[in-house]
Amino acid sequence: IKHPLQNIWTLWYYENDRTKSWEQNQKAITSFGTAEDFWSIYNHIKMASELRQGSDYSLFKEGVRPMWEDEANKRGGRWLINLDKKQRNNDLDKFWLEVLLCLIGEAFDEYSEDLCGAVVNVRAKGDKIGIWTADAGKQESVLEIGRKLKARLNLGRNVQICYQIHKDTMAKAGSVTKNTYTL
Ligand code: M7G
């Protein structure tokens with residue numbers, strides 16, 4: 001028998017097709033609820049570093065769309081890990097897999113229920129990984145998730161991660177978003 005996960009997860013893929021809206025470009029690829037199904041999907045798809053620039057993968061709890069507007073996300077925000085260009089070779093795939101394992105393995109203990117999903121943006125200007133939580137107002141939960149994330153990714157003291165509220169990101173499209181927390 002397969003090993004059930006705590007949650008069912010949906011993998012999304014975004015491809016930058018300029019003839020369509022951002023929302024139309026988000027495609028739910030597949031959902032899974034066991035460790036074995038996770039690995040068969042993971043082994044079957046391209047690594048993040050192999051995607052065309054401008055693409056995203058997202059993994060969200062079933063029923064949550066990878067969008068600020070979703071009921072589950074609209075009060076929330078994200079821990080953002082900004083990678084520099086050189087990190088695509090070594091760190092991007094490693095970090096993304098570790099984030100996926102944190103999600104499906106419910107690594108954030110009692111705060112795992114505040115977690116909605118995660119996104120990897122493959123971008124020429126520098127790749128990004130975002131861990132989305134449901135409620136930016138739950139300070140203890142947000143900070144604990146951030147601390148756990150830094151530990152799991154083995155990010156040193158010199159690496160900063162920042163928490164940004166989706167409402168701020170939405171308002172500031174194209175310019176600099178304020179950081180609500182920094183770890
Ligand atoms: P991005 O892909 O998150 O980062 O946002 P990038 O700037 O590094 O490419 C790019 C653009 O995609 C935003 O300015 C929005 O126009 C659109 N976009 C991104 N997100 C996460 C959303 C979302 O959740 N909802 C909507 N409606 N648009 C979004």
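Counting convention: from 1, in listed order, for ligands and their atoms alike.
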Chemist: Give a yes or no on whether Glu50 atom CD has more than 12 heavy-atom contacts from other residues, nucleotides or ligands under 6.0 Å away.
Modeler: yes
Chemist: Compute the minimum heavy-atom distance from Lys128 to ligand 1 and say whether it is under 4.0 Å.
Modeler: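 True for this residue.
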Chemist: Establish, from distance only, whether the side-chain atoms of Tyr111 and Glu113 form a donor-acceptor pair under 3.5 Å.
Modeler: no
Chemist: Below a 4.0 angstrom heavy-atom separation, can you tell me which part of Trp68, side chain or backbone, both or neither, approaches ligand 1?
Modeler: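 The part of Trp68 near ligand 1 is both the backbone and the side chain.
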Chemist: Does Asp93 reach the main-chain N or O of Ser49 with its side chain, forming a donor-acceptor pair under 3.5 Å?
Modeler: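 A pair under 3.5 Å: yes.
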Chemist: Taking atom 25 (N) of ligand 1 as the point of reference, which of Arg78, Glu69, Met67 owns the nearest heavy atom?
Modeler: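 Going through Arg78, Glu69, Met67 one by one, Glu69 has the nearest heavy atom to atom 25 (N) of ligand 1.
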Chemist: For atom 7 (O) of ligand 1, which candidate among His166, Arg123, Lys125 provides the closest heavy atom?
Modeler: Lys125
Chemist: Name the one of Lys61, Arg75, Arg65 that satisfies salt bridge (charged side-chain N to carboxylate O under 4.0 Å, His left out) with Asp70?
Modeler: Arg65
Chemist: Side chains of Asn121 and Asp56: is there a donor and an acceptor less than 3.5 Å apart?
Modeler: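 Present: a donor and an acceptor within the cut-off.
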Chemist: Among the heavy atoms of Glu23, does any lie under 4.0 Å from an atom of ligand 1?
Modeler: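 It does not, in that no heavy atom of Glu23 comes within the 4.0 Å cut-off of ligand 1.
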